Amino acid sequence: MLLKAQSVAKAFGPVKVLKDVSLQINEGDSIGLIGVNGAGKSTFLSILLGEQKPDTGEFIRQTERIGYLEQFAESGDVTVREVLGRPYGHIEAVRRRLKEIEDEMIAGGDIDWNALAEENSALEAKLAKADEEDEAGKIEALRKVGLSADIMERFMSTLSGGERTKVMLSRIVIQADDCDLLVMDEPTSHLDITTVEWLEDYLIKSHCAVLVVSHDRYFLDKIATRMLEIDRGKSREYKGNYSDFITKKMLELDRMEKEYRKYASQKRRQEEIAAQLHQDQWYMTTHKTREKLIEKMEVKEKPEKAQEITVRIQAAPKSGKNVLITKNLCVDLGGRRILSDVELDIQKGEKVGIFGANGEGKSTLVKALLGEIPSTGDVWLAPGAKIGYYSQHHDALDPKLTAEEQLLLVVGKDRRGEARKMLARFLLYGNDVERPISTLSGGQRARVAMCMLLLDATNLLVLDEPTNYLDIPAKHAIEEALNEYDGTVITVTHDRYFLDTVCTKVVEVKDGHVTEFAGTYSEMKGRPNVREIVMDADEYRVVSPFTNWATGRKYGKGERVLITPPEQKSFEWAMNQGKLKKTGGRQRKKVDPTFMEEEKKG
């Protein structure tokens, strides 16, 4: 065992961030830590790292050999060399001892001059050797993450977000040989797919145990063997990767819901019997015996319904069959050719994902398609195309305005209620809609920007990293909305899970050229497809038995059925015949995307 936290609780003033969180990390573990933004994941990490103490609970740490990758990379006036050198505790100890020897010699007195001189000489030699070895180690670590040694003297503040993250990854690589545990907080943020896949392979081969906080579902599928979810201050552990977690979580919620309904029904029945006995035999105490039985019933808690973002993207009238065509498209910037001979044929309803390493020209390609930068060759855009654009930098937002004021600029000042309703669909309420956008978190800003996108009917969405800054439930909501959207989608993304669950065609940008593939990212790379879609489903009760001939499934009276929008068509006959009755309930459900595509074709 390396670390153990048992029933940890932590509050900040009246706010209880953690109520009952437990985790044991053993040698060789690879654990994914998930939860919505604000769930307390970073607070829990700080407790595990000894930066904060829990209010209550047990905490045992049996190793100090821990490497840590912060969520936010350093960005001040400090050089890359200094950042890479900080984890070396043994070097700092040598330097401290050399300073102590110097002070002792200056002070003089009754000291062993020969012994101090010999120790000083040995430490100087050790430091020189360490500096030489460290230099080689730093250069090798930078090379592994795709950075050159030329970056060593640059200030962190001059680097891009992706470069800063890579520097921090290099520091982890340097630490790893001397660590038992690597703790990483959002390690894939700002990284391109190539670097993320390198990191996956590195962690899988590493001897260290790994604890990772991440919203990158593909990454969690690849590296995690256990998942820990923090929800409403409490933790629950699941064996397997992220996809296993989704399946088990849904089964668990379904089981809890059924147990609660059974308990509530039995309790209600017993209470009715007790009340009737009290009325009919008021002179006896028989009803009290029944009431005691009710008190002894095992209480089943009703599963708490998570707040869900509900997104519906309004589509404008459809354009023609062909939406966008390019022939021999070339882009030159600063005297250098960025893209050559790009041939694309994007048709109505296609959802195209563009991916590639940082700096390869993904954003340049999109700007050329939209006519924002000059290009040569032919670009044809359907006359009926009505474009909606989403920028990862949220350029359309004014940082001085509140979220509400931002939407009122578009819908009109007299439609405050409509603006508030739209923001509420993205779980933005109260003070959050009245604060300047500059004070909102990245995830909150992303949701405001998405609200702006939904205000106009479109038939062509151009999205630049639409899942950046979003937690997993918000990503699922956006993916669900895009899968239901009847228009065409062109998106630049590093999110491989998104490429698998939403995109019907992928385009790789590499070495100035594009490669088009009809299918998902995993299919293109010849890997097991993680494609799955989680959608909101309406709950129905079966009034009379019937068979769904589309699936061959038989349904019995009283059975509860969850039906997502794409499945509505296959149940339409049963609904029209009055065999299904809507209960008003709503839950999350996994949907086979193949079925969805067949439904659309049908």
Side-chain angles (χ1 to χ4, degrees), residues 146 148 160-163 190-195 316 318-396 449 453 456 458-466 468 482 487-496 498-499 502-521 524-525:
S148 71
S160 68
E163 288 173 328
H190 306 294
L191 296 181
D192 55 41
I193 290 177
T194 303
T195 309
K318 295 180 180 179
S319 58
K321 180 181 177 183
N322 297 108
V323 175
L324 190 149
I325 298 173
T326 70
K327 295 286 185 183
N328 302 317
L329 174 68
C330 299
V331 179
D332 296 300
L333 293 174
R336 184 169 69 93
R337 175 143 294 188
I338 307 299
L339 296 170
S340 300
D341 303 321
V342 176
E343 304 271 340
L344 292 176
D345 184 357
I346 299 173
Q347 299 187 3
K348 179 184 69 180
E350 284 190 324
K351 297 178 172 65
V352 182
I354 301 172
F355 72 94
N358 289 336
E360 289 287 355
K362 302 182 298 297
S363 296
T364 300
L365 173 60
V366 170
K367 289 177 181 177
L369 296 179
L370 295 176
E372 293 182 1
I373 58 174
S375 62
T376 59
D378 298 322
V379 179
W380 180 86
L381 183 66
K386 187 168 185 184
I387 301 172
Y389 179 66
Y390 176 93
S391 165
Q392 66 166 316
H393 303 298
H394 312 136
D395 298 332
L453 187 66
D456 288 328
T458 62
N459 52 32
L460 173 59
L461 290 179
V462 180
L463 312 174
D464 188 6
E465 297 290 356
N468 269 11
L482 291 173
T488 306
V489 177
I490 300 173
T491 179
V492 173
T493 183
H494 290 135
D495 189 334
R496 294 164 295 169
F498 181 93
L499 287 168
V502 172
C503 299
T504 57
K505 178 188 288 185
V506 291
V507 173
E508 182 175 17
V509 183
K510 186 177 182 180
D511 299 329
H513 298 278
V514 303
T515 303
E516 194 176 51
F517 178 83
T520 68
Y521 171 82
M524 182 182 188
K525 296 297 182 179

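The model shown is predicted, which means the values in this text are computed figures rather than measured ones.
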A.B. asks: Show the numbers, then the answer: is there a side chain to side chain contact (heavy atoms under 4.5 Å, CB included) between Leu499 and Ile193?
C.D. replies: CA-CA 11 Å; Leu499 287 168; Ile193 290 177; 4.1 Å; yes
A.B. asks: So if I apply the side chain to side chain contact (heavy atoms under 4.5 Å, CB included) rule between Leu463 and each of Val502, Leu453, Val492, Ile490, which one comes out positive?
C.D. replies: Leu453
A.B. asks: Would you please name every residue forming a side chain to side chain contact (heavy atoms under 4.5 Å, CB included) with Asp332, sequence neighbours left out?
C.D. replies: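 Here the qualifying residues are Arg337.
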A.B. asks: Go through the steps to decide whether Val509 and Leu365 satisfy the test side chain to side chain contact (heavy atoms under 4.5 Å, CB included), and finish with yes or no.
C.D. replies: CA-CA 9 Å; Val509 183; Leu365 173 60; 4.2 Å; yes
A.B. asks: Dump the intermediate steps for side chain to side chain contact (heavy atoms under 4.5 Å, CB included) on Leu460 and Leu381, then the final yes or no.
C.D. replies: CA-CA 10 Å; Leu460 173 59; Leu381 183 66; 3.9 Å; yes
A.B. asks: Please examine the side chains of Val507 and Leu344, heavy atoms only from C-beta on, and report whether any two atoms are closer than 4.5 Å.
C.D. replies: yes
A.B. asks: How many angstroms lie between atom OG of Ser363 and atom CD of Glu465, to the nearest 0.5 angstrom?
C.D. replies: 8.0 Å
A.B. asks: Would you say Lys525 has more than 12 foreign heavy atoms packed within less than 6.0 Å of its NZ?
C.D. replies: yes
A.B. asks: Under a 3.5 Å distance rule, please check whether Asn459 uses its side chain to pair with a backbone N or O of Lys386 as donor and acceptor.
C.D. replies: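 Side chain of Asn459 to backbone of Lys386: a pair is present.
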A.B. asks: Quick one: NZ on Lys321 to CD on Gln347, what's the gap to the nearest 0.5 Å?
C.D. replies: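 It is 5.0 Å, given to the nearest 0.5 Å.
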A.B. asks: Taking all atoms of both residues into account, what is the closest heavy-atom pair of Tyr390 and Pro466, and its distance?
C.D. replies: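 Result for this residue pair: CE2-CA, 3.6 Å.
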A.B. asks: Tell me which pairs pass ring pair (Phe, Tyr, Trp, His ring centres under 6.0 Å) where either residue lies in residues 337-368, with sequence neighbours left out.
C.D. replies: Phe355-Tyr521
A.B. asks: With distance as the sole test, does Ser375 use its side chain to make a donor-acceptor pair with the main-chain N or O of Leu329 at under 3.5 Å?
C.D. replies: no
A.B. asks: Could you list the residues that satisfy side chain to side chain contact (heavy atoms under 4.5 Å, CB included) with Asp192, not counting sequence neighbours?
C.D. replies: Lys166, Thr194, Thr195, Ala357, Asn358, His494
A.B. asks: Where is the tightest heavy-atom contact between Leu339 and Glu360, given as atom of each residue plus distance?
C.D. replies: CD2-O, 4.2 Å
A.B. asks: For Asp378, what residues pass the side chain to side chain contact (heavy atoms under 4.5 Å, CB included) criterion, not counting sequence neighbours?
C.D. replies: Lys327
A.B. asks: With a 4.5 Å cut-off on side-chain heavy atoms, are Glu343 and Asp345 touching?
C.D. replies: no
A.B. asks: Please list, chain by chain and in numerical order, all residues satisfying side-chain hydrogen bond (donor to acceptor under 3.5 Å, both in side chains) with Glu508, sequence neighbours excluded.
C.D. replies: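 Testing Glu508 for side-chain hydrogen bond (donor to acceptor under 3.5 Å, both in side chains), a comparison that skips the adjacent residues, returns none.
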A.B. asks: Could you walk me through whether Lys351 and Thr488 pass the side chain to side chain contact (heavy atoms under 4.5 Å, CB included) check?
C.D. replies: CA-CA 6 Å; Lys351 297 178 172 65; Thr488 306; over 6 Å; no
A.B. asks: What is the distance from atom CG of Leu370 to atom OH of Tyr389, rounded to the nearest 0.5 Å?
C.D. replies: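 The distance works out to 7.0 Å.
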A.B. asks: Is any side-chain heavy atom of Val352 closer than 4.5 Å to one of Cys503?
C.D. replies: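 With C-beta onward as the side chain, the pair stays apart.
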A.B. asks: Tell me every residue that passes side chain to side chain contact (heavy atoms under 4.5 Å, CB included) with Ile338, counting only those two or more places apart in sequence or in another chain.
C.D. replies: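 So Ile338 forms a side chain to side chain contact (heavy atoms under 4.5 Å, CB included) with Leu333, Arg336, Thr364.
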A.B. asks: Flag the pair Val366 / Ile354 as yes when at least one side-chain heavy-atom distance between them is below 4.5 Å, and no otherwise.
C.D. replies: yes
